Participant: 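Have a look at the structure that comes next, please.
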Amino acid sequence: MKAKDIGKIRKAMEKTLDEKRYEHTLGVAYTAAALAMCYGSNAKQAELAGLLHDCAKCMDNSKKINICKKHNISISEIEYQNPFLLHAKVGSFLAMEKYGIRDKEIINAILNHTTGRPGMSELEKIVYIADYIEPNRKQAPNLSVIRKLAFQDLDAALLKILEDTLFYLNTVDGEIDPMTQKTYEYYKKEAQKV
Ligand code: DGI
Ligand code: FE
Ligand code: FE
């Protein structure tokens with residue numbers, strides 16, 4: 001993806017997202033770029049992944065479900081019950097089909113940005129973390145600690161976010177996607193190895 005195309009995608013996001021979600025999206029894009037710089041990875045790739053990560057967020061649930069059905073994208077029981085979870089799957093599909101992204105790493109970062117997955121790539125971790133810490137986020141506990149940690153130890157920040165997310169989902173009685181649980185357990189084990 002050439003740099004000039006980033007501007008086109010930014011404009012497309014401004015059109016398709018509501019104002020708050022667009023501001024969040026810009027926050028994730030520049031936070032992801034900053035994290036990529038910090039860890040010596042591709043900042044433009046991270047910016048683009050950040051720009052697109054919520055591209056399906058402002059779409060009606062019924063439309064997300066229809067897109068999945070039409071294109072043979074599987075919907076799990078928990079996704080049927082919590083259709084917002086589908087914005088990651090549908091977003092990665094739209095990134096390919098509508099926004100012409102061919103970079104598999106970006107597609108995967110969009111696909112896994114909500115639940116994470118065991119064995120995430122660096123870009124997947126960067127987008128997942130940027131989504132949580134970008135400056136417009138205000139509610140999460142431990143935010144200032146996690147914001148600092150993200151630029152010091154990517155895996156430690158990831159684990160803390162997973163832990164806090166599961167704790168939050170338990171307190172609000174939110175249904176937990178098995179992938180969110182698996183991701184947490186995987187990174188908890190990883191942390192104990194070293
Ligand atoms: O789309 P965003 O709001 O920017 O961020 P996101 O795609 O990471 O979604 C965040 C929400 O997703 C947050 O409230 C926690 C929730 N979430 C993460 N894993 C799960 C989950 N919600 C449910 N019900 N189950 C999960 O496993
Ligand atoms: Fe999201
Ligand atoms: Fe997001």
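Keep in mind that the numbers below use all heavy atoms, side chains included, and drop hydrogens, waters and symmetry copies. Ligands are counted one by one from 1 in listed order, and the atoms in each one are counted from 1 as well. These numbers were taken from a predicted model, which means no experiment stands behind them.
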Participant: Closer than 4.0 Å to some heavy atom of His87 - which atoms of ligand 1 meet that?
Facilitator: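 Heavy-atom distances to His87 below 4.0 Å select 1 (O), 7 (O).
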Participant: Quick one: the NE2 of His87, the Fe ion (ligand 2), NE2 of His113 angle, rounded to 10°, please.
Facilitator: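 About 90° at the Fe ion (ligand 2).
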Participant: I'd like to know if Glu185 pairs up with Lys188 as an ion pair, taking the criterion as any Lys NZ or Arg NE/NH1/NH2 lying under 4.0 Å from an Asp or Glu carboxylate oxygen.
Facilitator: no
Participant: Closest N/O/S atom of His24 to the Fe ion (ligand 3), by atom name?
Facilitator: NE2
Participant: With respect to atom 4 (O) of ligand 1, which of Arg137, Lys57, His53 exhibits the smallest heavy-atom separation?
Facilitator: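 Looking at heavy atoms only, Arg137 sits closest to atom 4 (O) of ligand 1.
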Participant: Give the single entry among Thr115, Leu169, Asp131, Thr114 that approaches atom 5 (O) of ligand 1 most closely by any heavy atom.
Facilitator: Asp131
Participant: Quick one: which ligand 1 atoms are inside 4.0 Å of a heavy atom on Thr180?
Facilitator: 19 (N), 20 (C), 26 (C), 27 (O)
Participant: Heavy-atom distances under 4.0 Å are what count here, so tell me which part of Gln139 touches ligand 1: side chain, backbone, both or neither.
Facilitator: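 No part of Gln139 comes within reach of ligand 1.
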Participant: Below 4.0 angstrom, N of the basic side chain to O of the carboxylate: do Glu47 and Lys44 qualify?
Facilitator: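 Salt bridge present between Glu47 and Lys44.
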Participant: Could you measure the distance from the CG atom of Leu94 to the NE2 atom of His71? Nearest 0.5 Å is fine.
Facilitator: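 Between atom CG of Leu94 and atom NE2 of His71 there are 8.5 Å.
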Participant: Check each atom of ligand 1 against the heavy atoms of Ile176 and keep those under 4.0 Å away; list them by number with element.
Facilitator: 25 (N), 27 (O)
Participant: Look up atom OH in Tyr184 and atom CG in Leu166, then write down how far apart they are to the nearest 0.5 Å.
Facilitator: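 Between Tyr184 OH and Leu166 CG, I get 7.0 Å after rounding to 0.5 Å.
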Participant: Need the ligand 1 atom indices (1-based, order shown) with element for anything under 4.0 Å from a heavy-atom of His113.
Facilitator: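 Contacts of ligand 1 toward His113, numbered from 1: 7 (O), 8 (O).
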Participant: Hey, which atoms in ligand 1 end up nearer than 4.0 Å to a heavy atom of Asp177?
Facilitator: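 Checking each atom against Asp177, I get 25 (N), 26 (C), 27 (O).
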Participant: For His24, take its heavy atoms, then give the atoms of ligand 1 lying under 4.0 Å from any of them.
Facilitator: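 It comes down to these atoms of ligand 1: 4 (O).
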Participant: Does atom CD of Glu19 have more than 12 heavy-atom neighbours from other groups under 6.0 Å away?
Facilitator: no
Participant: Hey, does Tyr132 sit under 4.0 Å from ligand 1 if you only count heavy atoms?
Facilitator: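 Distance cut 4.0 Å: Tyr132 fails for ligand 1.
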Participant: Should Leu143 and Ile126 be regarded as members of a common hydrophobic cluster, given that ILVMFWY residues are connected when their side-chain heavy atoms come within less than 4.5 Å of each other, either directly or indirectly?
Facilitator: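 They do share one cluster, since a chain of ILVMFWY contacts under 4.5 Å joins Leu143 to Ile126.
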Participant: So that I know where these two stand, are His113 and His87 an aromatic pair - ring centroids less than 6.0 Å apart?
Facilitator: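 Yes.
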Participant: Out of Arg21, Glu175, Gln81, who is nearest to atom 2 (P) of ligand 1 when you count heavy atoms only?
Facilitator: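 Residue with the shortest heavy-atom distance to the ligand atom: Arg21.
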Participant: Suppose we only count N/O/S atoms under 2.8 Å; would Asp54 qualify as near the Fe ion (ligand 2)?
Facilitator: yes
